[in-house]
Colleague: 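Quick one: this structure, given as structure tokens, is what I'll be asking you about.
Throughout, protein chains are lettered first and strands after them, A, B, ... in sequence-line order, and every chain is numbered starting at 1.
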Amino acid sequence: MLQHSWVILLLPLVGTAVISILGRYLSKLATSLVACGVVGLAFLGTVAAAVQLEGLPPRLQAVQEVLFRWIVSGPLHISFGLLVDPISLLFMLVITGVGFLIHVYSVGYMGEDKNFRLYFAYLNLFIFTMLLLVMANNFLWLLVGWGGVGLASYLLIGFWYERPSAVAAAIKAFVMNVIGDVGIFLAIFLIYLSFHSVSYNRVFHLAYTHPAAAGVMTAITLLLLLGAVAKSAQLPLHTWLFDAMEGPTPVSALIHAATMVTAGVYLVARCYPLYHLSPTGATAVAVVGGASALLAATIGTAQTDIKRALAASTMSQIGYMIMAVGLGMYAAGLFHFLTHAFFKALLFMAAGNIIHALGGEQDLRKMGGLAKRLPVTYWSFLAGTLAISGIPGFSGFFSKDELLGQTLNRGHVVLWAVGVAAAFLTAFYMFRMFFLAFSGSYRGEVHPHGEAPRVMLVPTVILAVLAVVGGYLVLPGVWDLIGNFLAPAFSHWHGGAGAVGNPHHVNWLSMGISVLLALAGFGVAYQVYHRRAWQPAPWPFLSQLLYRKYYFDELYDAVFVRPAVRLGAVFGAVADRLVIDGGVMGLARGVRTLGNGLVFLQSGYVRRYALTIALGAAAILAYYVFWA
Amino acid sequence: MHIPAVYDVNLSIVSPELALGLVGVLVLILDLFLRDEEARWLVVPSIAGVVLSGVYAAGLWGQAATAFHGAVVVDPFSLGFDFLFLTVILLTLLLSLRLPKLSSGHFALLLWAGTGMMLLAAASSLMTLFLGVELLSISLYLLVALAPGNAAAGEAALKYFILGAFATGFLLLGIAFLYGSTGAVTLFGIQKALSGGALNLPHAFTFLKVGLALFLVGLGFKLALVPFQVWVPDVYQGAPTPITAFMSVGTKAAAFAALLRSLYGIIPPGGWIPALTVLAVATLLVGSLLILRQTNLKRLLAYSGIVNAGYLLVALVSFGLVPAAYYLAAYTFMNLGAFAGIAALSKDAEEGAELPAYRGLAYRRPWLGASLAFLFLSLASIPPTGGFTGKFLILLSAVASNHAYLAVILVAATAISLFAYLRVVVALFTPAEEAGLAPRPLPAGAVVVVGIGVLGVLATGILPHLFLIPISSMTHLFTISPVP
Amino acid sequence: MNTNLTYYLVLGICLFAVGTAGVLVRKNPLVMFMSVELMWNAVNLIFLAFSRYLADAAGQVFVFLVITVAAAEVATGLGIIVVVFRRRRSLDADRLSALKE
Amino acid sequence: MILFGILALLALVFAVFMVATRNAVHSALFLIGNFVILAILYITLGAEFLGLAQILVYAGAVMVLFLFVIAYLSAGTEASETGPALAWQLPLGIAAGVLSLGLLLWGTLGAVLTPTAAPPHFGSLAFLGRALFTTYLFPFEITAFLLLAALVGVVVLVRDER
């Protein structure tokens with residue numbers, strides 16, 4: 001399988017093609033079988049590849065396969081190939097494995113949707129582009145995958161296109177991601193200019209033997225970070241993720257929790273030799289990650305929409321990962337990615353079960369008392385909550401502890417403090433959500449249905465089990481399976497030293513404090529939302545600030561949109577036409593205003609056109625006569 | 001028959017042009033025997049003419065020679081462009097079947113316009129260049145106007161004609177001054193004069209500068225460079241869609257080929273790089289800023305054509321011949337494909353280019369909608385499309401020749417215009433209540449062109465070296481052949 | 001005739017400029033077109049001046065070609081003008097501005 | 001020299017009047033006058049045949065066509081008040097003309113171009129004919145296509161529109 005990893009890559013594409021070409025002849029069952037089947041097969045293939053790779057000596061654990069030459073022209077030589085090494089394999093396992101479960105879940109969740117086949121065509125397409133992203137062996141094809149997942153995400157966020165909010169959210173997500181794409185594109189460009197290659201192997205090799213100027217390396221790493229920030233919904237390009245919850249819930253689970261949003265983590269981990277060469281870039285990564293982790297955690301405490309609260313949590317958890325890879329703790333970051341994929345997908349699926357049962361209701365204030373009505377979901381959600389909160393024995397505890405402990409070991413006290421504070425908040429908002437949904441009495445209007453069909457429950461339960469036991473891959477002081485698995489990938493080039501923590505060096509202080517804080521978070525949430533002993537939200541200003549997500553959308557409106565509009569007005573444009581909406585879409589609109597200022601060129605009158613041409617000719621003449 | 005050397009006749013060198021032009025005459029004669037409604041069958045001999053011309057061009061591949069005392073040249077460069085033009089003509093012929101009423105003369109004029117394009121690529125004398133421009137332009141004026149009862153087409157034709165003739169005045173004056181300063185009208189003669197000290201006279205140098213300036217104005221008009229782009233949106237919008245498609249690619253490529261051949265190796269780079277750099281910047285910025293507000297698809301593509309002229313110019317000033325040619329190939333597919341999509345959907349190929357009408361197309365006609373979306377994504381240069389690859393190559397050549405700031409502006413223009421294209425893609429995937437714009441059955445010719453466009457964009461995006469191999473050989477052999 | 005040929009050049013340039021201005025200030029498309037013709041003819045004069053100065057045939061041949069092309073242009077242009085304005089009262093290029101931003 | 005001065009002045013006056021007069025018929029007549037003067041100037045430059053061709057083709061055929069179309073469209077006078085006014089078009093147009101004039105004249109004025117000794121029969125029909133049918137054969141042949149295209153196109157255009 002290792003030598004034929006293209007099969008893994010192409011399977012989901014085949015699924016997309018079959019469903020979109022033969023769609024109208026396929027029954028729903030056949031569509032489901034095809035869509036889930038290709039991803040399942042891809043998963044089996046990935047497992048086989050992983051087993052094979054483990055059998056190889058560490059030195060050889062990076063299998064490249066050149067599929068075709070892309071551009072061969074003079075000095076330009078770019079081919080397309082696949083790279084299978086522990087890093088990509090870890091991602092492939094999650095993409096296909098968790099992806100498979102979510103495909104199965106979707107069969108139930110989307111069962112009644114009129115665009116059932118289109119949905120699966122998109123979902124398979126997403127799996128393909130995501131695999132392309134992690135399997136490509138050079139930067140250019142990484143970008144192709146990078147853009148591709150953005151497109152698939154766009155299609156799926158806006159899947160319920162009858163809702164204007166869904167379409168708007170899709171566009172916002174796409175636009176913000178395009179900003180990131182441009183960043184990566186520029187980074188690739190600089191990489192090519194510096195090393196005359198875009199292949200990972202060559203670039204990482206040359207980065208040491210023929211180092212580029214420090215400034216260039218910083219620029220490259222910061223531009224890559226821009227891409228990572230946009231895709232992984234980190235500060236300051238995070239606002240799209242909340243709106244992305246307009247998409248179907250399985251999509252949120254797959255794309256906006258488990259896989260796509262972690263592409264930023266992959267990117268930094270993949271480019272570790274470059275970040276090693278640019279301490280500035282690496283520091284920026286860590287700071288952005290830490291800040292996002294804390295900020296998103298505070299946002300999570302005030303959300304009333306269950307999916308948006310989970311989105312805040314995703315942003316926060318990815319913040320941890322980004323912080324970890326920024327600090328060079330690659331194994332810890334990727335371990336957290338793995339456990340997060342389990343418990344966050346689980347939480348979204350459980351949330352999906354709730355939404356399913358409540359006929360589309362997502363407002364936490366209109367839930368409550370669901371424990372008895374949805375017992376499986378209740379237990380699953382509890383497992384996920386315990387895992388993410390870092391309660392000892394559950395997966396999140398192990399990965400978060402590994403991450404925070406190493407941070408403290410390396411002396412990054414501030415970032416450690418940030419991480420621990422976020423851990424407290426995480427426990428608080430997760431149990432808040434949990435109690436709001438499941439304890440007390442039902443506050444909604446619609447009569448809740450019972451538990452979801454089995455096709456949805458089984459994947460939920462499987463993930464619940466994984467969320468509980470997934471952490472034992474790394475048992476502090478005993479073994480470090482993840483570290484052992486990943487270690488070869490970080491031994492090929494410089495900069496990998498320290499990527500894998502020492503399993504026998506456990507920081508009991510950090511562990512103790514974070515566990516205490518997690519329990520404290522649980523305690524506060526218990527007092528406020530379960531026993532109702534304390535009044536919630538004592539500070540209206542603060543809760544409003546958090547609910548509004550620190551007014552980022554409004555800030556973008558004020559900083560980018562309005563000045564651009566004003567600038568446009570200077571150009572004589574019609575500013576009143578500009579309906580101001582939040583986010584970066586407004587930026588585009590501002591640029592358009594500039595364009596409106598040029599309209600005078602296109603008056604429609606032949607004589608005016610002739611005048612423009614004559615004046616242009618005079619300008620060129622003047623240049624030639626006087627200056628050339 | 002013995003032809004004395006003084007004639008320097010070598011018809012084989014112009015056989016591709018001659019074949020196309022003469023088949024045009026033949027089509028015209030056949031037209032006399034057909035009733036009006038049978039006129040569309042003339043597409044068959046027209047296609048045969050294109051194929052014949054292509055066969056002749058293929059037969060000449062590898063040669064590099066001039067004839068008629070330096071009036072024309074054949075080299076891989078001209079032949080490569082010939083193949084591009086023939087592709088454009090072929091696709092336009094298929095697309096023309098979509099027109100509600102095919103005037104007799106339509107096909108002949110198309111073939112003659114194509115002949116003019118091929119002459120431009122092969123022109124090694126300013127006389128041939130002028131005549132090529134005029135053959136192309138006059139045919140196009142008429143093709144734009146040949147839409148009975150279509151007021152917009154009439155307006156477009158008149159604007160195009162008056163401004164075209166006006167700009168040709170500048171071109172002619174430029175040529176006159178070039179002639180006055182060098183005493184030659186062939187490119188080889190001009191080059192010889194410039195390197196042989198003909199400019200020692202002070203006035204000769206002034207004449208050369210004036211001539212060059214006006215020459216750039218004249219060709220800048222055809223290439224749609226800012227500020228000579230003003231006619232483009234109106235004319236593209238008003239003209240019958242197949243003709244717009246033809247113009248958008250063909251005229252641009254032909255003017256580009258002519259400009260390139262008259263500058264490279266003839267005029268010292270210092271004489272034209274600064275001016276063209278400024279024009280490139282203006283074109284990129286103005287084009288991309290104005291494209292943002294477009295809601296008419298034909299007009300949007302017109303601005304797209306302006307921005308793309310900017311890309312070509314960047315390639316030109318950075319001596320990126322291969323990227324330019326590659327980009328033109330990719331552009332041919334995506335642009336003709338997009339126009340074909342518009343032509344296929346509009347009721348009579350004249351109307352229905354307004355954006356709202358395209359809402360939800362991807363749901364009503366999934367294949368066509370997705371194809372159009374793909375073509376627009378290529379225009380937006382999203383990888384892995386041909387639009388991306390081509391721009392990537394141009395960008396590399398710009399940086400390699402130390403025009404980094406041009407590369408930055410190119411990226412900025414691409415990023416700005418991205419939104420305009422994405423708006424179309426978004427519209428295609430936005431649901432709409434009323435089901436406008438989806439004729440059944442779809443016109444076959446236009447659909448075929450859309451399909452070819454999609455395949456071409458895919459091929460240029462994913463397998464660029466398939467195109468780069470012939471293109472590099474075409475540019476390796478680019479020479480100014482001396483007069484024998 | 002041993003005149004300094006620069007005078008011809010200057011005259012040609014003046015006529016060209018008058019033609020240019022004519023296209024810009026008149027709105028009767030026929031007169032605009034006539035102004036274009038004036039521009040072309042000014043170029044012809046310049047061509048011939050250069051041709052005489054260089055004692056070279058190319059300039060004269062060029063003028064011959066320009067006259068021919070101009071005839072074709074006139075036929076085309078007048079045809080288009082007739083078609084566009086046949087049903088209109090006034091011949092006004094400014095009225096033709098339906099296509100614009 | 002004096003002859004040239006008079007002719008040049010006349011040509012300029014005709015040109016300016018052509019642009020300035022409001023009546024299209026007068027414009028056409030002024031243009032004919034200008035073309036005739038140009039024809040004479042051509043001859044003074046040694047282009048005898050072209051001078052004749054100028055009168056025959058331009059003054060004789062082309063401008064008659066113009067007059068015919070003016071009459072056909074009854075477009076004698078240009079109503080200055082019709083249509084939307086274009087702000088500043090007139091001064092800007094004149095300015096653009098003056099600007100291009102100044103730029104083109106810059107540097108040209110100082111040049112002294114004395115005619116070189118011309119070959120015998122320079123500009124005669126035979127001279128031009130030989131040039132056209134030997135060195136410049138190819139461009140000459142292209143004009144055939146060009147005229148054909150214009151002819152066919154216009155006939156179809158005007159016929160179809162009816």
Colleague: D:V19 versus chain C, heavy atoms under 4.5 Å apart: side chain, backbone, both or neither?
Modeller: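 Both parts, heavy atoms under 4.5 Å.
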Colleague: Taking D:S27 for the side chain and C:V31 for the main chain, is one N or O donor matched with an acceptor at less than 3.5 Å?
Modeller: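 Answer holds: no.
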Colleague: Which one of D:L12, D:I94, D:V57 has the most heavy-atom pairs closer than 4.5 Å to chain C?
Modeller: D:L12
Colleague: Mind checking the CZ-CZ spacing from D:F133 to D:F140? Nearest 0.5 Å is all I need.
Modeller: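 Atom-to-atom, D:F133:CZ and D:F140:CZ are 4.0 Å apart.
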Colleague: Mind ranking C:G77, C:S51, C:G59 by heavy-atom pairs under 4.5 Å with chain D and telling me who comes out on top?
Modeller: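 Maximum pair count with chain D is reached by C:S51.
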Colleague: Below 30° counts as parallel, above 60° as perpendicular, anything between as tilted: where do the rings of C:F62 and C:F47 land?
Modeller: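 Parallel: the ring planes of C:F62 and C:F47 meet at under 30°.
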Colleague: Looking at residues at least two apart in the chain, or sitting in another chain, which of them share a side-chain hydrogen bond (donor to acceptor under 3.5 Å, both in side chains) with C:E73?
Modeller: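 side-chain hydrogen bond (donor to acceptor under 3.5 Å, both in side chains) list for C:E73, sorted by chain: empty.
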Colleague: Please classify the contact between D:F127 and chain C as side chain, backbone, both or neither, with a heavy-atom cut-off of under 4.5 Å.
Modeller: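 Side chain only.
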Colleague: Measure D:V16 against the heavy atoms of chain C and call it side chain, backbone, both or neither at under 4.5 Å.
Modeller: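 Both parts, backbone and side chain.
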Colleague: Tell me, please, which residues at least two apart from C:Q60 pass side-chain hydrogen bond (donor to acceptor under 3.5 Å, both in side chains).
Modeller: none
Colleague: In terms of heavy-atom pairs under 4.5 Å, which option from C:L38, C:T20, C:L48 contacts chain D the most?
Modeller: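 Sorted descending by pairs with chain D, the first entry is C:L48.
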Colleague: Do the ring planes of D:F30 and D:F17 sit parallel (below 30°), tilted (30 to 60°) or perpendicular (above 60°)?
Modeller: perpendicular
Colleague: Can you say whether D:L65 sits under 4.5 Å from chain C via the side chain, the backbone, both, or neither, judging by heavy atoms?
Modeller: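 Both the backbone and the side chain of D:L65 come within 4.5 Å of chain C.
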Colleague: Contact part of D:F68 toward chain C, heavy-atom cut-off under 4.5 Å: side chain, backbone, both or neither?
Modeller: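 No part of D:F68 comes within 4.5 Å of chain C.
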Colleague: Picking from C:V74, C:T76, C:V61, which has the most non-hydrogen pairs under 4.5 angstrom with chain D?
Modeller: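 If we count pairs closer than 4.5 Å to chain D, C:V61 comes out on top.
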Colleague: Measure distances from D:A149 to the heavy atoms of chain C and classify the residue's part below 4.5 Å as side chain, backbone, both or neither.
Modeller: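 D:A149 has no heavy atom closer than 4.5 Å to chain C.
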Colleague: With chain D as the partner, which of C:I81, C:I80, C:I67, C:V23 has the greatest number of non-hydrogen pairs under 4.5 Å?
Modeller: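 Looking at each of C:I81, C:I80, C:I67, C:V23 in turn, C:I67 comes out on top.
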Colleague: Using modelled atom types only, decide if a donor and an acceptor are shared between the side chain of D:N34 and the backbone of D:F14 within a distance under 3.5 Å.
Modeller: no
Colleague: When rounded to the nearest 0.5 angstrom, what distance separates CG in C:L45 from SG in C:C14?
Modeller: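 Result: 10.5 Å between the selected atoms.
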Colleague: Taking D:A131, D:G5, D:G102, D:G123 one by one, which has the highest count of heavy-atom pairs under 4.5 Å against chain C?
Modeller: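 Option with the greatest count: D:G123.
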Colleague: Tell me, out of D:P91, D:A61, D:A28, D:A11, who's got the most heavy-atom pairs with chain C below 4.5 Å.
Modeller: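 Going by pairs under 4.5 Å, I would pick D:A28.
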Colleague: Counting only heavy atoms closer than 4.5 Å, note whether C:L11 contacts chain D via side chain, backbone, both or neither.
Modeller: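 Just the side chain, heavy atoms under 4.5 Å.
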Colleague: Heavy-atom distance under 4.5 Å between the side chains of D:L146 and C:V69, does that happen here?
Modeller: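 When only atoms from C-beta onward are counted, C:V69 and D:L146 do touch, with a gap below 4.5 Å.
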Colleague: Report which part of D:Y42 has an atom under 4.5 Å of a heavy atom belonging to chain C: side chain, backbone, both, or neither.
Modeller: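 For D:Y42, backbone and side chain are both near chain C.
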Colleague: Hey, which of D:L50, D:L92, D:V62, D:L31 has the most heavy atom pairs under 4.5 Å with chain C?
Modeller: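 Among D:L50, D:L92, D:V62, D:L31, the one with the most close pairs to chain C is D:L50.
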Colleague: Looking only at heavy atoms, what is the nearest atom pair of D:Q54 and D:A39, with distance?
Modeller: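 Taking D:Q54 first and D:A39 second, the nearest heavy atoms are CG-CB, 3.7 Å.
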